Every structure is written in structure tokens, then in C-alpha cells.
Amino acid sequence: MKRILYVVVAAICLLTGCAPDDESWVQAGFTTDKESYEIGDQITLTNTSTAGNAQIAVCKWEFMGKVMYDLASPAPFYVNEGGEYLFRLTVTSDRGAIKSVFEKTIKIIDDGIRPIADFSWSPEQIVAGEEITFTDQSKVVEGREIVAREWTFGAILSTEENPKITFGSHGKINVSLTVTDNKKRKDTKTVTVEVAKSAGSLGVLWSHPYDEQGTVIHTSPATSSDGQYVYVSSSNYNLVCFSKSGDQHWKFDCGQNNEPNRGSSYQHPTPSVDSDGTVYVAVGDNTSAADKNKSASLYAISGGADGGAQKWFTPIGAKSSMRPFGAPVVTDRYVMILTNSAPSTDGKHFRIYDKTSGSLKYAEKTSSGTYGGCVGLKDGRILVNTGQSGGRSYGTHIFFPNGGSWDKSTNEQDYAPSDQPNGSQLAVGADGKVYVLCHNLGAKLPTTDTQALVYCYDTKKTIKGEVPTPEWYTAVKGSNKQTGYGLVVDAKGVVYVATDQYISAISSTGSILWETAVAGTAYGVPAIDNEGYIYYNDTDKGSLVKLEPSTGQAIASLQLGTELKSSPTISSDGVIYVTGMLDGKPTLFAVEGAATGYAANAWSQMGGNPSKNGYMY
């Protein structure tokens, strides 16, 4: 029997061209330049893995919560916290996928010595609009020095040693200094300062919780055209009306028809207000946790102090889901909505209703997962963002009026046909230019170059049946994938764009004018006041931030709630309304500033204007 086995093995070796002793092996291993380190020391790993009769195909490094694949050694790095850390290297050969694992525990010694962050300011009395000098008074032990400073003044950043700051908002503001010494040790000091009011500063006029449950994610305030009334909603499906002085007039239950997933923590649409005061709001989030037989709904509610009565209600259809980041578009005759999940009755995401009766006039499929923005143009055309499906997107559809109906552009004839505007909001200029913020899928620029692109198209040059050519496209910093970001455009054609980490300004010809880093995380669409200043919400800092238009410099930061996952609304009288979370409840904040109105001759905010109707030019 043994002789037969030897013959078989010999035959296999002859066929494969190997000798009986040609056994493949691999041995993982690495060395460190020291056996123990102090915090701030550079750590160098050297790969010493070997293999016999094979090549090393894969090296998997696992350390400090990271996983990386690299045949070479990792780049030298630092560790900022003491302790014992396990480092693991798994090596795999190219023959038979033979593996070997080597582990080593590295000790990081913490001597407990830290810099002591400290600062003072002058003058001691802080007044909004007046320059204040902050002086770093941090201390270190002998032999060490401060090598980096990170100041935050609300949502304003500085890395200077002794920054000069002019606060644009009044009230309580957190000032924080984090210092780092040459051994990578850090310390932070935070002080809440009281900033006195001035003629041009930001301050809270009033704030009110408006729901006991639910949350605020992307739902922004909408005001009547005269600025007398403010309307807010939440994922708890209540529409609430406030006066400009902060009195609550009424609350309407938009979940009375058993709409799915009430009170969930998902996105909820912004209401929009018609010129006659009627308020339109869509509700119903039919996610996997909800009953698929339930239907999202569209409501028309009378507005004003004596409003709060239902004019009409229409179910959108079973399995439908209203999670758009925008608001219903209201034209002279119609109300238009864009759903995330299309109703099972017809499978169509984009829907047009008669605004008098609520009857469905037109419906069309866009693409799966649609919850971006849409805009109505005065010439009857409609722009509708699509979502991502099958790993790609189809840009922005153009719907052309055709009698009592519309014809949809093909995927190839869309704006930005191969990039993803999913979740973002459109902007339109008075000159007919339209601006689309897209998540970069690589159609125009490599994804390694940028995650976000802004496209400009001229609607006046867009012809039915033809492929439109962009006027320009420009890369912007930051990411905007499915997060409700967007852009606005002023009367001179300057575009202001929000992504997660940057607010950027783009000229009318597509060149970057400035890019401002956000202290925390930006949310929603910026807004422009009638003096040209730009505002955005920083959700991590819970702050409304004001930027100077020519430089992008943050000149005011007003801390409001714990989360501001929405877009600011500037009313006709200049009051800035913000929705967010405070003490676990959806809350409306009214903020006063130096402005006396919004930029009325521009697409000044989400939906174009404070009524959010998406219908201006």
C-alpha cells in the first residue's frame, strides 16, 4: 500500500514540476525600534516576514483599532494615550493561501505630565462687534514647549497663538483652547463667556419646543410671505403655527390617517406656504420597520392665526415613503412632491397634484431611492433630482410641459447624467442658470480628486430631445452624499455651497472664490440675507454661523440647540428661524441680527425663499 502511495506522489510531482521536498511555507514577523515607548514617541515597525518556495501575497496589519493591507511596513506613527496595545500581522502566501500570524504587545508609557491649557482676554468686558484679544497663558514643564493650538469660539476656529476675535453674536458662547506639546500631550480649557449685545450682533429673540416626541432631521421652518407666521414640523407628524412674536396659534395632526412610522428618527419634509397662506406638508416614512400597507400622505392646511383646518388630504399610496430633504413645490396651479419609496399602486416617485382639490394630475418614475429636491420654472418646465440605483445615478431630469402633461428627459439628456444629486437641493438664478450639487461618481473628475461637484446649466439653452452641455462644473471640498446639502445663488451669480466640512463660494464663471472650513459639521442649505451675509447651521456645535460674503470669514456664531440638522430660514423682516433639538425636544429658535430681510432678488435659501415654494423664475 505504501509503495502505491509513493508512486502516486511521484506522479503528481512529475505533473506539477516539483520535487517531493519542495514544501511552501511562510512566517510572519515584524520588529519595533524599541520595546517600550512614551506618549509622543515615534513608533517604527519593520516587516521581517519570510517565505519559502512562495511569495508573500498579502500582509494584513491590525493595530490601534486599524486594519490595513500593505506588503511594506506601515509609515511611522505616534500614540497619544498610554497603555498596552496588541499589534498583529497576518501574512498569506501566493501558493495554497498559506497563512502565518505574528503578534506583539507594545507598551506606551504615560508619565502623566501634561501641558496646562489656560488663557485670558482683554478687554475683560466682551461686547459684540468689538475686537477682543485672547492670550494663551498655557504652561509646560521644563524641556517641553507648546507646538500647536486649537481655539474654538462657538463655531469659529483659530490656530493663532493670541487670536484677535470680534464676536458677531451676543449671549453665552463657549471659548475653548486645546494645546499640544512637543511630546504630543494635550490639554483643553473651556470657558463660557458672556458677550454683551450690540447693534449688529446675533441673539436669540425667543425659542419654543413644538413637539413632545420625534426629532428634527432636515425639516426647516417656512414662513408666510409677509413674515407674520412661522410653520414647523417634526418626525412626529405635527404641523405647528407660531406668530413672529413666538406665540403658538395651533397644532395640526398630520398623522391622523395612520401614516407609517410616526415619531421615528428619520428625515421629515419641510412644509411650504402658498401666497394665499395655505400650508402644504407631506408625511409618512415607510421604512423596513413600518407596515407596508400604510400610505404616506399630502395635506393642505389653512394658515394664519385662525387656520389649522384641513382643506384637503390625499393618500400617496401603499408602501410610499416621504423622506425628501426638500419641501413641496407650489406653483400657480400645482403642488409637486418627490417620494423616496414610490407607491405600489403605480411605482412613480415624482407626483403633481391640483393644489385646489388635491387630485393627482401627473406621476412619473425617476429612479429608486429618490429623495432629493425639485424646482418648478415659470415656463412650465420642472427640474427633478434622481437617486442612486444599481451603483449609479441619472442626475437631474427635466420635465417639459406638453399640453396638460409633461415629457421627461431621458437619462442621457439629464443635467449631470452620471453623477449623483441624491438628497441635495437645487438653486436657480434669475438669469435661468440652474446649479446642481452632486456626489462625485467620476463622470467628469476622478473620485480621488473630489467627493463633491457643482454643475451649472443654462435652462434657456436646454432643448427638448437634446443632450445639454454644462456651462461649467467645479469641484468643491467635503462630502455631500445623501445628506440634504445644497446651494444658493445671489443676484450677481455667486454660488454658496454647503458640504459636510466646508462652505464654498463659486463665481458666476465657475472659479472658487473661497472655501471656509466648518468647526463641526455643516447641515442643510445656506441662506443669504439682504446685506449679502451667508448663514449655515453647524450641528455638532449646535450653532448658527454667519459668514462675511467677500472672504468667507466667520464673523458670528450663536449657540442654540444640541443638534441643528436643518437649513436656516430668513424671513421677510430679517428674523432668522432655525429648527433643532434642545433638551430632547424639537425646538424652534428665532434669531435677531442686523439684517432687515432676506436676499429677495436671489435664490436666497432652501426652496428659494422663506415660504420654501421652489418656484421663483
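These numbers were taken from a predicted model, which means no experiment stands behind them.
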Are any side-chain N or O atoms of Ser93 and backbone N or O atoms of Ile98, one a donor and one an acceptor, separated by less than 3.5 Å?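 Yes; judged by distance alone, with no hydrogens or angles, the pair exists.
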
So with a 6.0 Å cut-off around CD of Glu124, is the heavy-atom count from everything else above 12?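 12 or below, so no.
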
Glu515 atom CD, over 12 foreign heavy atoms within 6.0 Å: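 Result for CD/Glu515: enclosed.
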
Is there side-chain contact between [X] and [Y], with at least one heavy-atom pair below 4.5 Å?
X: Glu548; Y: Tyr533; answer: yes
X: Val179; Y: Val140; answer: no
X: Leu45; Y: Trp61; answer: yes

Can Asp540 and Thr521 be said to form a side chain to side chain donor-acceptor pair (under 3.5 Å), step by step? CA-CA 6 Å; Asp540 290 347; Thr521 302; 2.6 Å; yes

Going by the side-chain hydrogen bond (donor to acceptor under 3.5 Å, both in side chains) test, name the single residue among Asp211, Thr219, Thr579 that passes it with Ser234.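 Single pass found, and it is Asp211.
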
When the side chains of residues 583-596 are checked against the rest of the protein, which donor-acceptor pairs come out under 3.5 Å, sequence neighbours left out?
unit_1	atom_1	unit_2	atom_2	d
Lys585	NZ	Glu212	OE1	3.1
Thr587	OG1	Lys585	O	2.9
Glu592	OE2	Lys197	NZ	3.3
Thr596	OG1	Asn530	ND2	2.8

Just checking, any donor-acceptor pair under 3.5 angstrom between side chains of Tyr535 and Asp529?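 Yes, side-chain donor-acceptor contact under 3.5 Å.
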
Just checking Tyr577 against Phe242, ring centres under 6.0 Å apart?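 Ring centroids of Tyr577 and Phe242 are no less than 6.0 Å from each other.
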
Ring centroids only, cut at 6.0 angstrom: are Phe119 and Trp151 within range, meaning strictly under it?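 Yes.
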
Determine, step by step, whether Phe63 and Phe77 satisfy the ring-ring contact (aromatic ring centres under 6.0 Å, His included) criterion, reporting the C-alpha distance in whole Å, the side-chain angles of both residues, the deciding distance to 0.1 Å, and the verdict. CA-CA 11 Å; Phe63 58 93; Phe77 58 94; 5.1 Å; yes

